[in-house]
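Before any comments, here is the structure.
Predicted model, so just to flag it, every value in this text is computed and none were measured.
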Amino acid sequence: LKKALQPQEESKPALPDTSALAPNDTVAFRDNREMTGLILETMEGGKAVVAFGSIKMVVELSDLILVKKSDSTAATRVRISTALPGQVESNRLDVRGLYGDEAVLETERFLYAALSAGLHHVDILHGKGTGALRRRIHDYLQTCPIVKSYKLADWLRGGAGVTEVELEDS
């Protein structure tokens, strides 16, 4: 009885394995799980570059938790938009199935890569759905300094599921 009444040492919870975090994974801060971001790259010393919307930060991996592991289809989409300047493989970016912040980040990367590749007209395929992804993309396009104009494609080219973007001359 005396042994049972003595205070027990509290065991600290084990830290999760952050080595499993990789580029294109969706993560959140341990303390604020409402704000999610996309890992752009992992660095030595247990750090990563994470994009939270249009804000990019260097963050300790130990401060992050995994929200969603990247899948092979998302990795394929990222391959197009993370090309080095001048190396865009297509004039169309497909962001269907991505979360809003991820889609905006991919759109930003794609537009700058397209401009540096000399493209002036590109398409962003966001799908029709509820229109939430289209609104997020259009909100970003309104503030993007390299976008000259944008509009929904005509019916034969995808209608409300595709946005045509005209880029400024470099």
Task: Closest non-hydrogen atom pair, G158 against A153 - done: N-CB, 4.5 Å

Task: Distance, nearest 0.5 Å, that separates NE2 of H121 from CD of E166 - done: 4.5 Å

TODO: State, with a plain yes or no, whether a side-chain heavy atom of V95 is found less than 4.5 Å away from one of I124.
DONE: yes

Task: Sub-4.5 Å side-chain heavy-atom contact between R92 and V162 - done: yes

TODO: In sequence, state the C-alpha distance, the side-chain angles, and the governing distance for E106 and L38, and then conclude on side chain to side chain contact (heavy atoms under 4.5 Å, CB included).
DONE: CA-CA 10 Å; E106 293 306 315; L38 184 69; 3.7 Å; yes

Open item on the list: Looking at E60 and K47, is any side-chain nitrogen of the basic one under 4.0 Å from a carboxylate oxygen of the acidic one?
Closed with: yes

Open item on the list: Working to the nearest 0.5 angstrom, can you tell me the gap between L98 CG and L133 CG?
Closed with: 7.5 Å

- [ ] Spell out, yes or no, whether I137 and L152 are grouped together once hydrophobic residues are joined by side-chain heavy atoms under 4.5 Å, including indirect joins.
- [x] no

TODO: Verify, without hydrogens or angle tests, whether E102 (side chain) and Y99 (backbone) share a donor-acceptor contact under 3.5 angstrom.
DONE: yes

- [ ] To the nearest 0.5 Å, tell me how far L111 CG sits from L141 CG.
- [x] 6.5 Å

Open item on the list: Can a donor-acceptor pair be found, under 3.5 Å and without considering hydrogens, that links the side chain of R30 to the backbone of S62?
Closed with: yes

Open item on the list: Using side-chain heavy atoms (C-beta onward) and a distance below 4.5 Å, is V50 in contact with V27?
Closed with: yes

- [ ] State, with a plain yes or no, whether a side-chain heavy atom of V147 is found less than 4.5 Å away from one of Y140.
- [x] no

- [ ] Identify the two heavy atoms, one from V122 and one from A114, that lie closest to each other, and give their separation to 0.1 Å.
- [x] CG1-CB, 3.8 Å

Open item on the list: Would you say that L66 contacts L21 through its side chain, given a criterion of any heavy-atom pair below 4.5 Å between the two side chains?
Closed with: yes

Open item on the list: Rounded to the nearest 0.5 Å, what separates atom CD1 in I65 from atom CG in D25?
Closed with: 12.5 Å

TODO: Would you please test T107 and L93 for side chain to side chain contact (heavy atoms under 4.5 Å, CB included) and show each step?
DONE: CA-CA 7 Å; T107 300; L93 174 68; 3.9 Å; yes

- [ ] Measure the spacing between CD of E168 and CG of L115 and express it to the nearest 0.5 Å.
- [x] 9.0 Å

Task: Sidechain N-carboxylate O distance under 4.0 Å for E164, R157 - done: yes

Task: Side chains of D101 and R136 in contact at under 4.5 Å (non-hydrogen atoms) - done: yes

TODO: Calculate, to the nearest 0.5 Å, the distance between atoms CG and CZ belonging to L64 and F29 respectively.
DONE: 6.0 Å

- [ ] Show the numbers, then the answer: is there a side chain to side chain contact (heavy atoms under 4.5 Å, CB included) between L167 and V165?
- [x] CA-CA 6 Å; L167 301 174; V165 181; 3.9 Å; yes

- [ ] Using a 4.5 Å cut-off on heavy atoms from C-beta on, say whether the side chain of V58 contacts that of M43.
- [x] yes

- [ ] Please indicate whether Y150 has more than 12 foreign heavy atoms, meaning atoms of other residues, nucleotides or ligands, lying under 6.0 Å from its OH.
- [x] yes

